[in-house]
Amino acid sequence: KKLHIDSFYFIEDSEMTLKKKNLEKVLPKFATQGPCNTPKPSMLDFVNKAKWDAWKSLGSLSQEEARRQYVDLITSLVGAEAPAVAAQPTGSTKSFQTLLISTEDNITTIRLNRPEKKNAITAEMYNELIEALDLAGKDDSVITVITGSGDYYCSGNDLNNFTKIPEGGVEKMAKDAGQLLRRYVKAYIDFPKPLIGVINGPAVGVSVTLLGLFDVVYATERATFHTPFSQLGQSPEGCSSYLFPKMMGAAKASEMLLFNKKLTAAQACDVGLLTEVFPESSFQSEVWTRLKAYAKLPRNSLALSKQLIRAVEKEKLYAINDAEVERLVERWLSDECMQAIMSFFQAKSKL
C-alpha cells in the first residue's frame with residue numbers, strides 16, 4: 001500500500017515493526033501539535049491505544065526535533081524504493097566484475113561498483129560498460145539509469161591505466177586506449193533508449209564530459225563536476241568539445257575544459273549540464289519516484305522520440321568523437337602529458 005505524507009513516499013509492508021508504524025503516524029502530529037494532548041483511549045481500543053502510547057512516549061520532545069525524526073524515519077523507509085547497492089541482478093544472467101546491473105519496474109540500472117577506488121574507470125570497466133549498455137539497449141526495460149556505488153559517482157580514469165605498458169610499448173598502449181575510448185563514447189551516442197544519469201556524488205573527467213550524451217541528468221546537491229584535462233596534459237573527450245560550448249556557451253565551457261574549473265551541482269545546473277539538483281536527504285527517494293513514473297510511459301514512443309532527437313546530430317557526434325580520440329592519442333604520446341601524469345603520482349605519493 002503506497003502512502004503519501006508531506007511529499008515523502010514510502011512502502012508499508014509486513015516487515016515494518018509496530019513501533020515504526022505508530023511513530024510514522026504520530027510524529028507528524030507531534031511536529032504540528034506538540035506533546036500528547038488527547039485522552040487515553042480504552043484498553044480495548046488496541047489500534048488507537050498503540051498510537052496514543054507512541055505519541056505519549058515522545059514526552060517533551062521539541063516540535064523541531066519531531067520534524068527531524070520524522071524526516072529521518074521516512075528517508076529510511078523510502079531508501080527501500082531505490083535499487084539496493086548490493087542487490088543481485090534481476091532479469092539478467094550476466095554478471096560483471098566492476099558493475100552491478102539490475103532490472104526492476106521497467107528500469108535497467110547500471111551501477112559503477114568500485115567504491116573503494118571512487119569508481120575510477122579501468123580498461124575492464126570500460127569494456128564492461130560497453131557490454132552493459134549494449135544489453136540494456138536490447139532488453140525490455142523502458143529507461144536505463146547509470147549511477148555509482150558509495151560516496152562518489154565516478155572519479156574518472158584510473159590513472160594506473162597509464163602505468164601498465166604492454167609489450168608493444170607506449171604507442172600500442174595509446175592506440176589501444178584510443179580505440180577503447182572511441183567504442184565507449186560511441187555506445188552512448190548510439191544508445192537507443194532514454195539514458196538517465198543519477199549523479200550520487202562527485203564526478204571527474206570522462207564521467208563529466210559524457211553527461212552531454214545523456215537525455216536527463218539528476219544530481220545530489222553535494223555532487224561536484226571537474227574536468228582537469230590540461231592539468232594532466234590531456235584534452236577533452238565524450239564529445240564535450242562540441243556539446244559543452246553548445247549547452248553552456250563558449251566562455252563557461254572554456255573555464256571547465258581549458259582551465260579546470262570545478263563546478264558545484266548548482267553551478268552545473270545553471271549552465272545546463274544538469275537537469276535538476278536535489279537535497280542530499282531526499283535525493284534517492286525523489287529521483288527514483290520520478291524514474292518509476294517515467295518507466296510507465298510507452299516504451300516504443302520514448303525510444304523512437306529519443307532516436308529522432310539524436311539522429312539530427314548523430315553523424316556529427318561520430319566525427320567529433322573520432323577527432324577527440326585522435327587528439328588524445330597524440331597527447332598520451334607526448335612528453336608533456338607523461339610529465340604531467342608523473343607529477344600527479346609524485347604529488348599523490350607525498351600525501
Side-chain angles (χ1 to χ4, degrees), residues 89 92 94-101 109-137 144 146-150 152-191 195 197 202-211 213-214 226-229 231-240 318 320-334 337-345 348-349:
S92 172
K94 177 67 181 179
S95 61
F96 295 89
Q97 296 299 311
T98 66
L99 307 173
L100 289 175
I101 312 296
T109 303
I110 301 172
R111 193 180 297 272
L112 310 182
N113 193 41
R114 296 185 72 218
E116 73 287 354
K117 296 294 184 181
K118 300 178 181 178
N119 296 323
I121 306 178
T122 61
E124 179 185 25
M125 186 184 280
Y126 272 121
N127 279 308
E128 289 196 341
L129 280 163
I130 292 169
E131 185 176 358
L133 285 167
D134 180 61
L135 292 172
T144 297
I146 298 182
T147 190
S149 299
Y152 260 67
Y153 171 62
C154 177
S155 58
N157 281 304
D158 189 328
L159 291 183
N160 287 311
N161 294 340
F162 292 91
T163 67
K164 301 171 184 176
I165 310 299
E167 291 184 6
V170 176
E171 288 192 11
K172 176 172 173 51
M173 180 188 73
K175 182 179 179 181
D176 290 348
Q179 290 176 346
L180 180 58
L181 179 61
R182 180 182 283 106
R183 288 174 50 228
Y184 180 59
V185 175
K186 187 175 184 294
Y188 286 80
I189 297 173
D190 289 340
F191 195 72
L195 182 63
V204 181
V206 67
S207 69
V208 178
T209 54
L210 278 169
L211 294 181
L213 293 173
F214 284 69
H226 193 202
T227 53
F229 300 124
Q231 187 177 342
L232 294 170
Q234 301 186 47
S235 54
E237 79 288 274
C239 296
S240 61
Y318 288 154
I320 291 163
N321 183 29
D322 289 342
E324 287 179 342
V325 169
E326 184 177 342
R327 179 54 48 83
L328 262 174
V329 171
E330 294 174 1
R331 291 279 77 222
W332 290 332
L333 292 173
S334 70
C337 179
M338 289 298 179
Q339 187 60 48
I341 292 173
M342 287 174 60
S343 296
F344 171 84
F345 279 114
K348 189 176 180 181
S349 67

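Judged as a ring pair (Phe, Tyr, Trp, His ring centres under 6.0 Å), and not counting sequence neighbours, the contacts of Phe214 are Tyr188. Scored by the side-chain contact (heavy atoms from CB on, under 4.5 Å) test, Thr98 finds Arg114, Glu124, Met125, Glu128 as partners (sequence neighbours excluded). The side-chain contact (heavy atoms from CB on, under 4.5 Å) check on Ile320 picks up Cys239, Ser241, Tyr242, Lys316, Glu324, with sequence neighbours excluded. By the salt bridge (Lys or Arg N to Asp or Glu O under 4.0 Å) test, Arg327 is found to be paired with Glu330, residues two or more places apart in sequence or in another chain being considered. For Asp322, the salt bridge (Lys or Arg N to Asp or Glu O under 4.0 Å) criterion is met by Arg182, not counting sequence neighbours. With sequence neighbours excluded, no residue forms a salt bridge (Lys or Arg N to Asp or Glu O under 4.0 Å) with Glu326. Looking at residues two or more places apart in sequence or on another chain, you find a side-chain hydrogen bond (donor to acceptor under 3.5 Å, both in side chains) between Thr209 and Glu237. Checked against side-chain contact (heavy atoms from CB on, under 4.5 Å), Ala340 has no partners two or more places apart in sequence or in another chain. For the side-chain hydrogen bond (donor to acceptor under 3.5 Å, both in side chains) test, no residue two or more places apart in sequence or in another chain qualifies with Lys118. In this view, Lys172 and Asp176 satisfy the salt bridge (Lys or Arg N to Asp or Glu O under 4.0 Å) rule, not counting sequence neighbours. Ser207 meets the side-chain contact (heavy atoms from CB on, under 4.5 Å) test with Tyr153, Cys154, Ala203; sequence neighbours excluded.
Residues Leu99 and Ala132 share a closest heavy-atom pair of CD1-CB, 3.9 Å.
When side chains are defined from C-beta on, Ile146 does not count as touching Arg111, because their heavy atoms never get closer than 4.5 Å. At least one side-chain heavy atom of Val206 sits under 4.5 Å from a side-chain heavy atom of Ile121. For the pair Met173 and Trp332, the minimum side-chain heavy-atom distance is 4.5 Å or more.
Atom CD of Glu116 sits in a crowded spot, with more than 12 heavy atoms from other residues, nucleotides or ligands closer than 6.0 Å.
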*Taking it one step at a time, do Leu213 and Leu195 satisfy side-chain contact (heavy atoms from CB on, under 4.5 Å)?*
CA-CA 8 Å; Leu213 293 173; Leu195 182 63; over 6 Å; no
*Check against side-chain contact (heavy atoms from CB on, under 4.5 Å), Val170 and Met338*: CA-CA 10 Å; Val170 176; Met338 289 298 179; 3.6 Å; yes
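Side-chain atoms of Ser240 never come within 3.5 Å of backbone atoms of Pro236 as a donor-acceptor pair (strictly under, hydrogens ignored). Side chain of Ser149 to main chain of Leu112: a donor-acceptor pair is present (N/O by atom type, distance under 3.5 Å, no hydrogens or angles).
Counting only residues at least two apart or in different chains, ring-ring contact (aromatic ring centres under 6.0 Å, His included) contacts with residues 112-135 comprise Tyr126-Tyr184.
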